[in-house]
*Asks:* 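Shown below is the structure under consideration.
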Amino acid sequence: MAKIIDGKAVSQKIKEEVRAEIERDGLKVGLAVVIVGNNQASRVYVNNKKKACEACGIQSYEYALPEETTEKELRDLVRTLNDDPNVNGILVQLPLPKHITEKKIIKTISPKKDVDAFHAENVGRIVIGNYAFLPCTPAGVMELIHSTGTDVEGKECVVIGRSNIVGKPMAMLLLHENATVTICHSHTKNLAEVCRRADILVSAVGKADFVTADMVKEGAVVIDVGMNRNAENKLCGDVKFDEVEPKASYITPVPGGVGPMTIAMLMKNTLMAKRLQSK
Ligand code: GUN
């Protein structure tokens, strides 16, 4: 039987630390959250981010723009936020409507305010190990792994998924802690066999029931980054929890695992942005 990793509890502790630091130093910290269009899931995420800001003593500024917002209008807003001294962090919720090129918007965000760490400058800094911001979801996963007392050094780690937001930076953070890292994706041959090598298995695929018991080594730490809806429209991860849980030593639930951590790390990055800008 696996121990369930309590992402809510770990994230709560991080948010309390952020709040305590802001109060102790009497800081005024602001996060601009930009959402374009009517994506329901994005709406929920943005509301949760705003609530976390409140809990941490961070001022949030919401910009909810209509679906038909042009790329130019959005870039102009980002430039205005870049120049606004009350705004320490800028978060543009993805995905954006199809007529807006995400890459162009991310490029417009000042790297010093890029609390998602999506800008190419920040991605490059992560690769060479000279970073200020860590990407929120992978950084949250590292915190959860650390919370189990597992030492990553020398471990076989398998990441399923190679997105810019999760898979690729996740592999980098594991590598920084001296893990042996394999990234799997839709072209990987013998996926189950590769995954079975993992002492630490991180799934970021976005498909319900993707990770089955035959893909998991006995005693592995299993981290589920997926956020999907199953046939009954219930929130679920990538991992077939009921059959994988008995084999794992530790496992994250969905909801209540990685999700709350992403937001806690965003709060930490926003405080870090304030510190960077005050130097
Ligand atoms: N959409 C899904 N995850 C994220 C995230 O971490 N940041 C932003 N900006 N958009 C997202």
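Note that the coordinates shown come from a computational prediction; the quantities given were computed from them, not determined experimentally. Ligands are counted one by one from 1 in listed order, and the atoms in each one are counted from 1 as well.
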*Asks:* Are S60 and E54 close enough that a side-chain donor and a side-chain acceptor fall under 3.5 Å?
*Replies:*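 No.
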
*Asks:* In terms of heavy-atom contacts, does CE of M227 have more than 12 from other residues, nucleotides or ligands at under 6.0 Å?
*Replies:*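 Yes, because the 6.0 Å sphere around CE of M227 holds more than 12 heavy atoms from other groups.
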
*Asks:* Does R43 pair with E62 as a salt bridge, N-O distance under 4.0 Å?
*Replies:*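 A salt bridge is present here (some side-chain N lies under 4.0 Å from a carboxylate O).
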
*Asks:* Taking 4.0 Å as the limit for heavy-atom contacts, which would you say applies to V92 with ligand 1: side chain only, backbone only, both, or neither?
*Replies:*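 Under 4.0 Å from ligand 1, V92 contributes backbone atoms alone.
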
*Asks:* May I ask you to check whether H146 and E177 show a side-chain donor-acceptor distance below 3.5 Å?
*Replies:*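 Their side chains do contain a donor-acceptor pair, which is all the 3.5 Å distance test asks for.
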
*Asks:* So which pairs with a foot in residues 111-125 pass side chain to side chain donor-acceptor pair (under 3.5 Å), sequence neighbours left out?
*Replies:*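 For residues 111-125, and leaving out neighbouring residues, the side chain to side chain donor-acceptor pair (under 3.5 Å) pairs sorted by first residue read D114-N122.
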
*Asks:* Return the closest protein heavy atom for atom 3 (N) of ligand 1 as residue, atom name and distance.
*Replies:*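 For this ligand atom, the closest protein heavy atom is Q93 NE2, 4.5 Å.
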
*Asks:* Does the pair R275/E21 count as a salt bridge with the N-to-O cut at 4.0 Å?
*Replies:*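 The answer is yes: the pair qualifies as a salt bridge.
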
*Asks:* Give me the nearest non-hydrogen protein atom to atom 10 (N) of ligand 1 as residue plus atom name, then the distance to 0.1 Å.
*Replies:*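 Here the nearest protein heavy atom works out to L94 N, 3.0 Å.
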
*Asks:* For L91 and ligand 1, does the shortest N/O to N/O distance drop below 3.5 Å?
*Replies:*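 Among all N and O atoms of L91, none is under 3.5 Å from an N or O of ligand 1.
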
*Asks:* Among all the protein's non-hydrogen atoms, which is closest to atom 8 (C) of ligand 1, and how far away is it?
*Replies:*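 For atom 8 (C) of ligand 1, the nearest protein heavy atom is D116 OD2, 3.6 Å.
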
*Asks:* T137 versus ligand 1: do any nitrogen or oxygen atoms come within less than 3.5 Å of each other?
*Replies:*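 In this structure, T137 places no N or O atom under 3.5 Å from an N or O of ligand 1.
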
*Asks:* With a 4.0 Å cut-off on heavy atoms, is Y45 in contact with ligand 1?
*Replies:*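 No, Y45 has no heavy atoms under 4.0 Å from ligand 1.
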
